[in-house]
Protein chains: 2
Amino acid sequence: MSKIIHLSVPAVSERIRKLEDSGIIMKYEARINRGRLNYKLLAFIFVNIEATNDIQPFRKAVSHLPAVLECHHLAGEYDYLLKVVCMDTQDLEQFISSELKTIQGVQKTNTIITLSSIKEEINR
Amino acid sequence: MSKIIHLSVPAVSERIRKLEDSGIIMKYEARINRGRLNYKLLAFIFVNIEATNDIQPFRKAVSHLPAVLECHHLAGEYDYLLKVVCMDTQDLEQFISSELKTIQGVQKTNTIITLSSIKEEINR
DNA sequence: TTTGAAAATAGGTATTC
DNA sequence: GAATACCTATTTTCAAA
């Protein structure tokens, strides 16, 4: 008998299986302490893309950059928002000049440094 | 024999145990498809806090708001950046006016709506 | 290789539509 | 009466020693 949820083990298993099958649970993953692996700098970078032809290659490029944790298409002044992790400011500079700005069509960017993170979850 | 990594099962288990014990692996979690649970709207909200006295209560308050996935302390024009999930624009309006702006010291806010997410990972 | 715990499965009942 | 969601009991699997 499961203690918290007042359901037997098989009943819980069955519910989980249904969530998996229906795609509500997408995957399971380990949560890594980035700081311990020396990725101590978190930054948000707003990006504007020059031409519509550049959009698809840009999306593909950022998808493959390991420093880019997130990439969101935005409504408003900027086109995209990137969430980026680096080791330090030098590493960030390297990322911006040698990786981000070398992508075709990347025009204006605006980088905001995070001092600390009060909360960081992936699921609601 | 593990196929991908060319290591025996006990060797892999031992590595995982060390990562857990050292705090590099912090936890394991299921990744949920938010859209399937009707949380279809993702927004970033910049926030300024009026007085230094308001900071600690603000941090505590946002930590407990389920709609707030992330809260980062920023360098630059704004003090904090929130990543927020809602069901729709009406739900977002409700969040901003009835939850966020009722927190003591929350002054100027600037909300940016996400149209789509190209990439969304938690680990580097 | 062994052993113990956890997960999967089988079989059965109550409830809902 | 068909489908669903739960139970207990049993078997199987898997990981730690």
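To find a chain, count down the sequence lines: A is the first, B the second, and so on, and within it residues start at 1. All values below were derived from every heavy atom in this structure, side-chain atoms included, with hydrogens, water molecules and symmetry-related copies excluded.
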For a quick check of understanding: with a heavy-atom distance under 4.0 Å over all strands, which category does Pro10(B) fall into, base, sugar-phosphate or nothing?
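Answer is nothing: Pro10(B) stays at 4.0 Å or more from every strand.
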Could you list the cluster mates of Ile55(B)? Members are the ILVMFWY residues connected by side-chain heavy atoms closer than 4.5 Å, either directly or through other members.
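Noted: Ile55(B) shares its cluster with Ile118(A), Leu41(B), Ile45(B), Val47(B), Ile49(B), Phe58(B), Val62(B), Leu65(B), Val68(B), Tyr80(B), Leu82(B), Val84(B), Leu92(B), Phe95(B), Ile96(B), Leu100(B), Ile103(B), Val106(B), Ile113(B).
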Rounding to a whole Å, what distance do you find between Glu20(A):CD and dA7(C):C1'?
12 Å
Rounded to whole Å, how long is the line connecting atom CZ of Arg17(A) with atom P of dA10(C)?
13 Å
So how far is it from Ile122(A) CD1 to Met26(A) CE, rounded to the nearest 0.5 Å?
8.0 Å
Lys/Arg-Asp/Glu bridge criterion (N-O < 4.0 Å) met for Glu29(A), Lys27(A):
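A salt bridge is present here (some side-chain N lies under 4.0 Å from a carboxylate O).
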Looking at Arg17(B) and Glu14(B), is there a salt bridge between them, counting it only when a charged N and a carboxylate O are closer than 4.0 Å?
yes
Which one of Leu42(A), Asp91(A), Thr114(A) satisfies the side chain to side chain contact (heavy atoms under 4.5 Å, CB included) criterion with Val85(A)?
Leu42(A)
Where do N or O atoms of nucleotides 3-6 of chain D meet protein N or O atoms at under 3.5 Å, pair by pair?
residue: dA5(D); atom: OP2; partner: Lys18(A); partner atom: NZ; Å: 2.6
residue: dC6(D); atom: OP1; partner: Arg15(A); partner atom: NE; Å: 3.2
residue: dC6(D); atom: OP1; partner: Arg15(A); partner atom: NH2; Å: 2.3
residue: dC6(D); atom: OP2; partner: Arg15(A); partner atom: NE; Å: 3.4

